[in-house]
Amino acid sequence: MLSFYEYWEYITVFLLAAIPWIEVVIVIPLGIAGGLSPVAVVILAFTGNLLTILMIIVLYDKWTAWRERRRERKGITKQVSKKRERAKQIWERYGLPGLAIVGPFFIGTHLTAVMGMAFGSRKSFVTFWMTFSLLVWTVGLTAASYYGLDYLNLIRPDGFF
C-alpha cells in the first residue's frame, strides 16, 4: 500500500508533465531517479502531457480569436520568433509528421501542437501525430532514463514491474 507521500510523488509527476516547458523530458528522468515505478511514471507523464496538448488543440480556435482581439485593442503587430521560423522550416520540409516527431526536441510538445495548428493542419491530424510523437518520446525517454540511470548505478535494478 502506498503512503500519502508516495501518492503525492505520483500526482506531482502527472502535474509537472502537464506544465509546458517542463514536460516529459524532465519529469521522466527525475521520477525514475527518485525511485518511482517506471511504468507508473511513463503512464502518468504521458497522460499529463497529452491532456494539456489535447486542451491546446481543442481550444486553439478560441485562443487565436482572443489573441487577435487583444492585439487589435492594443495595436500590436505580429512578430516572427526564431522558434517559429525553425518550426516553419521543419514544417516545409517534413510536414506535420516531421514537426510532430522532431518538434518536441527543439521547441517542446505544447508549442509543437500550437505550431501544427497555426500552420493550418486539421485538429484530427494534429491530435493523431502529437499523440504518436508523445508516445514515442515518452517510451524512449523512459527506456533511456531507466537503463542509463541503472548503468550509472543511480537506481536499483528491480525491473519495470
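Residue indices begin at 1 and follow the sequence shown.
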If you round to the nearest 0.5 Å, how far is [atom2] of [Y] from [atom1] of [X]?
| X | Y | atom1 | atom2 | result |
| --- | --- | --- | --- | --- |
| Arg69 | Glu72 | CZ | CD | 9.0 Å |
| Phe106 | Met115 | CZ | CE | 13.5 Å |
| Tyr146 | Ser37 | OH | OG | 9.5 Å |
| Ile101 | Trp129 | CD1 | CH2 | 6.0 Å |
| Trp63 | Ile57 | CH2 | CD1 | 13.0 Å |
| Met130 | Asn49 | CE | CG | 8.0 Å |

Tell me whether [X] contacts the main-chain N or O of [Y] through its side chain, where contact means a donor paired with an acceptor under 3.5 Å.
| X | Y | value |
| --- | --- | --- |
| Glu6 | Ser3 | yes |
| Thr142 | Val42 | no |
| Glu23 | Thr109 | yes |

Where do [X] and [Y] come nearest, in terms of heavy atoms and distance?
| X | Y | result |
| --- | --- | --- |
| Thr112 | Pro104 | OG1-N, 3.5 Å |
| Ala17 | Ala45 | CB-O, 3.4 Å |
| Phe46 | Thr138 | CD1-OG1, 3.9 Å |
| Ala113 | Val126 | O-CG1, 4.1 Å |
| Leu96 | Ser121 | CD2-OG, 3.9 Å |

Test side-chain contact (heavy atoms from CB on, under 4.5 Å) on Met117 and Ile56; report intermediate values, then the result.
CA-CA 9 Å; Met117 294 300 295; Ile56 288 170; 5.7 Å; no
Counting heavy atoms not belonging to [X], are there more than 12 under 6.0 Å from its [atom1]?
| X | atom1 | result |
| --- | --- | --- |
| Phe128 | CZ | yes |
| Arg122 | CZ | no |
| Tyr10 | OH | yes |

Hydrophobic clustering (ILVMFWY, side-chain heavy atoms < 4.5 Å, transitive) - are [Y] and [X] grouped together?
| X | Y | answer |
| --- | --- | --- |
| Phe4 | Leu36 | no |
| Trp8 | Val13 | yes |
| Tyr94 | Leu134 | yes |
| Ile22 | Leu51 | yes |
| Met55 | Leu16 | no |

Test log, rule side-chain contact (heavy atoms from CB on, under 4.5 Å), inputs Leu141 and Val25
CA-CA 7 Å; Leu141 280 168; Val25 176; 4.0 Å; yes
Evaluate the side-chain contact (heavy atoms from CB on, under 4.5 Å) criterion for residues Phe119 and Leu99: first the C-alpha distance (whole Å), next the side-chain angles of each, then the deciding distance (0.1 Å), finally the verdict.
CA-CA 11 Å; Phe119 295 146; Leu99 179 66; 4.2 Å; yes
